[in-house]
Amino acid sequence: MRRVFRDDHELFRDQVRRFIAQEIAPHYAAWEKAGVTPASLWRRAGEEGLLNCALPEPYGLGGDFGHAAVVIEELARANYLGIGFSIHSDMVAPYLDAFGTEAQKARWLPAMTRGELIGALALTEPGAGSDLKAIRSRAVRDGDHYVLNGQKTFITNGVNAGLAIVLASTAPDLGARGLSLFCVEAGLPGYAKGAPLDKIGQHSQDTCELFFDDLRLPVDCLLGQENAAFEYLTRELARERLAIALRAAASLEGMLEETAEYIRGRKVFGRRVIDYQNSRFILANARAQSVMLRVFLDDCLARLMTGELDATTAAIAKLNASEIQGKALDELLQLYGGYGYMAEYGIGRAWADARALRLFGGTSEIMREIIGRGFA
Ligand SMILES: Cc1cc2nc3c(=O)[nH]c(=O)nc-3n(C[C@H](O)[C@H](O)[C@H](O)COP(=O)(O)OP(=O)(O)OC[C@H]3O[C@@H](n4cnc5c(N)ncnc54)[C@H](O)[C@@H]3O)c2cc1C
C-alpha cells in the first residue's frame with residue numbers, strides 16, 4: 001500500500017497501463033530496431049492525456065506530480081525506458097511554464113500537451129557535461145535577434161524534437177553567471193540534427209547531436225532573463241532528479257517480478273532455478289532494497305508535491321535509486337543464465353537501458369559531490 005497516491009492517481013494508473021499495453025508493447029521491438037519512436041505515438045499519448053499531466057491549466061492538464069509519477073513509473077515498470085515522455089513533460093514543459101512569457105507558453109505548451117510538438121532539453125556539449133559552465137555554445141545579440149553558434153550532444157528526443165531548450169553563453173566573462181536559455185524551433189536556417197546516436201541501450205530513444213551555425217533567433221526566443229540560466233537550472237533539479245529515481249525504482253520492481261516468474265519456470269539439474277537458495281537470496285536482496293527505496297522515494301514524492309524537496313535529498317534519491325537498480329539488475333540477469341544475454345528477454349534490455357541512469361541528469365559522482373558538500 002502506497003500512501004502518496006490518491007484514488008484518482010490509481011485510476012489514472014489503470015489508464016496508463018492500458019495505453020502501454022495497446023500502443024507501446026506491440027511496437028516497441030520495431031522502434032528499438034528503427035532507433036526512434038514515431039511521432040504518432042506522441043500524438044496518441046497527447047490524446048490520452050499522458051503528456052504534461054502535471055502542468056497547470058490552461059496549457060497543461062492540471063494534475064499534480066503524482067500523475068506525472070504514474071506515467072514515469074508505469075513506463076519503467078513495463079521496461080520501456082527508451083520512451084522520452086519524461087524529459088518532455090517533466091523538464092521542458094516546466095521550464096516554459098516557470099520562466100516563459102504568456103506568449104511563449106501559448107505558442108508552445110498546448111501543442112506539447114497534445115503531443116504535436118515534442119520537447120528536448122539541450123545542455124550537454126562534447127566538451128562540457130558535468131561542468132556546464134564550460135559550454136562553448138554562444139549566443140550574440142544582433143539587433144532584435146540572437147545569433148547562435150555551437151553544438152550539443154546526447155540530446156534525448158533530439159531527432160523528433162520540434163522545440164529544444166538550448167543552453168548558451170551570452171556573457172563568457174561571467175562563467176556560470178553568463179548563461180542563458182533559448183527556445184529553438186526545428187527547421188530554422190542554421191539548425192541541423194545528427195542521426196540517432198548508436199548507444200548500448202535505450203535504442204528506441206532518438207538521442208542525437210544538434211548543431212547551430214549562425215542560427216538567427218528572434219529575441220522573443222530567450223527564455224526568462226538573460227544570464228539567469230544557471231539559477232533556473234538549479235531551481236528545477238529536484239524534480240528532474242526525482243523523476244529519474246522513480247524510473248529506476250519502478251524498473252527494478254518490474255524486473256524483479258519478471259525474473260521471479262522466469263526462474264519458477266526454468267529447471268536445471270531437475271530442480272527449478274527458484275529452488276536454489278542462492279536464487280531466492282538474490283530475489284530477497286533485490287526486494288529488500290527496492291522496498292526500502294520505495295518508502296524513501298514516496299516520501300520524496302510527497303515532499304515534491306508540497307514544494308519541500310530540497311536538492312540534496314533529490315541527489316540522494318537519484319544516487320541510491322540508480323545505483324541500487326543497476327547492481328540489482330546485474331544480479332537478476334545472472335539468474336537467467338545465457339538467456340539473460342539474449343535480446344529476446346526483457347532483463348537484458350533493462351540492464352543495458354538502466355546503465356544510462358547513473359550517467360544522465362548528473363552522474364553518481366556529481367550526486368556524491370552535492371551530498372558531500374553538506375559535510376564541508
Ligand atoms: C542516454 C543519455 C541521454 C542524455 N540526455 C541528455 C539530454 O537530454 N540533454 C542533455 O543536455 N544531456 C543529456 N545527456 C548528457 C548527460 O547529462 C551527461 O552525459 C552527463 O551529465 C555527464 O557528462 P559527460 O558525459 O560530459 O561526462 P564528464 O562530465 O566528462 O564526466 C566524466 C567522468 O568524470 C566524472 N566527474 C565529473 N566531474 C566530477 C567531479 N567533480 N568529481 C568527481 N568525478 C567527476 C564523471 O562522474 C564521469 O565519471 C544524456 C546522456 C546520456 C548517456
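Predicted, not measured: the structure shown is a model, and the values here were computed from it. Counting convention: from 1, in listed order, for ligands and their atoms alike. Reckoned from all heavy atoms, side chains included, excluding hydrogens, waters and symmetry mates.
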Sub-4.0 Å protein heavy atom near [atom]:
{"atom": "atom 15 (C) of ligand 1", "value": "yes"}
{"atom": "atom 7 (C) of ligand 1", "value": "yes"}
{"atom": "atom 33 (C) of ligand 1", "value": "no"}
{"atom": "atom 53 (C) of ligand 1", "value": "no"}

Distance to 0.1 Å, residue and atom name: give those for the protein heavy atom nearest to [atom].
{"atom": "atom 1 (C) of ligand 1", "answer": "Phe360 CD2, 3.8 Å"}
{"atom": "atom 13 (C) of ligand 1", "answer": "Phe154 O, 3.1 Å"}
{"atom": "atom 20 (C) of ligand 1", "answer": "Leu359 O, 3.5 Å"}
{"atom": "atom 29 (O) of ligand 1", "answer": "Ser130 OG, 2.6 Å"}
{"atom": "atom 46 (C) of ligand 1", "answer": "Thr363 OG1, 3.7 Å"}
{"atom": "atom 42 (N) of ligand 1", "answer": "Glu369 CG, 4.1 Å"}

Proximal atoms of ligand 1 relative to [X] (non-hydrogen, under 4.0 Å):
{"X": "Glu365", "answer": "43 (C), 44 (N), 46 (C), 47 (O), 49 (O)"}
{"X": "Thr156", "answer": "3 (C), 4 (C), 5 (N), 6 (C), 7 (C), 8 (O)"}
{"X": "Leu123", "answer": "10 (C), 11 (O)"}
{"X": "Gly129", "answer": "21 (O), 23 (O), 24 (P), 26 (O)"}

Can you check ring-ring contact (aromatic ring centres under 6.0 Å, His included) on Phe211 and Tyr191, steps first, answer last? CA-CA 6 Å; Phe211 305 92; Tyr191 184 6; 9.4 Å; no
Check the pair Asp214, Arg216 against salt bridge (charged side-chain N to carboxylate O under 4.0 Å, His left out), reporting the backbone distance first and the verdict last. CA-CA 6 Å; Asp214 282 337; Arg216 290 186 72 78; over 6 Å; no
Heavy-atom contact under 4.0 Å between Gly361 and ligand 1?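 Checking ligand 1 against Gly361, which is what was asked, there is a heavy-atom contact under 4.0 Å.
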Are any of the side-chain nitrogens in Glu47 or Arg43 under 4.0 Å away from the carboxylate oxygens of its partner?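 No, this pair does not count.
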May I ask you to say whether Glu73 pairs ionically with Arg13, meaning some side-chain N is under 4.0 Å from a carboxylate O?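 Salt bridge flag = yes for Arg13 with Glu73.
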Could you see which bit of Leu121 sits under 4.0 Å from ligand 1, with heavy atoms only: side chain, backbone, both or neither?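 Contact part for Leu121 vs ligand 1: backbone (N, CA, C, O).
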Pick one of side chain, backbone, both or neither for how Ile366 approaches ligand 1, counting any non-hydrogen atom pair under 4.0 Å.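 Just the side chain.
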With Gln202, which of Thr207, Leu357, Thr156, Ile83 fulfils side chain to side chain contact (heavy atoms under 4.5 Å, CB included)?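 The side chain to side chain contact (heavy atoms under 4.5 Å, CB included) with Gln202 is passed solely by Leu357 among Thr207, Leu357, Thr156, Ile83.
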Applying the side chain to side chain donor-acceptor pair (under 3.5 Å) test to Gln151, which of Glu125, Arg136, Glu209 qualifies?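 Going through Glu125, Arg136, Glu209 one by one, the side chain to side chain donor-acceptor pair (under 3.5 Å) with Gln151 is satisfied by Glu209 alone.
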Could you check whether any side-chain N or O of Asn160 sits under 3.5 Å from a backbone N or O of Thr37, counting only pairs where one atom can act as donor and the other as acceptor?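 Such a contact is found between Asn160 side chain and Thr37 backbone.
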For Tyr59 and Glu102, test the side chains for any donor-to-acceptor distance below 3.5 angstrom and give the result as yes or no.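 Distance-only check passes for Tyr59 and Glu102.
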Modelled atom types, side-chain donor and acceptor of Thr170 and Glu226, under 3.5 Å: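 No.
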Please report whether the ring centroid of Tyr80 lies less than 6.0 Å from that of Tyr28.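 Yes: the rings meet the under 6.0 Å criterion.
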Non-hydrogen side-chain atoms of Leu223 and Tyr232 separated by less than 4.5 Å: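 No, every pair of side-chain atoms sits at 4.5 Å or beyond.
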Using a plain distance cutoff, I'd like to know if Thr124 has any nitrogen or oxygen under 3.5 Å from a nitrogen or oxygen of ligand 1.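 Thr124 vs ligand 1: N/O contact under 3.5 Å present.
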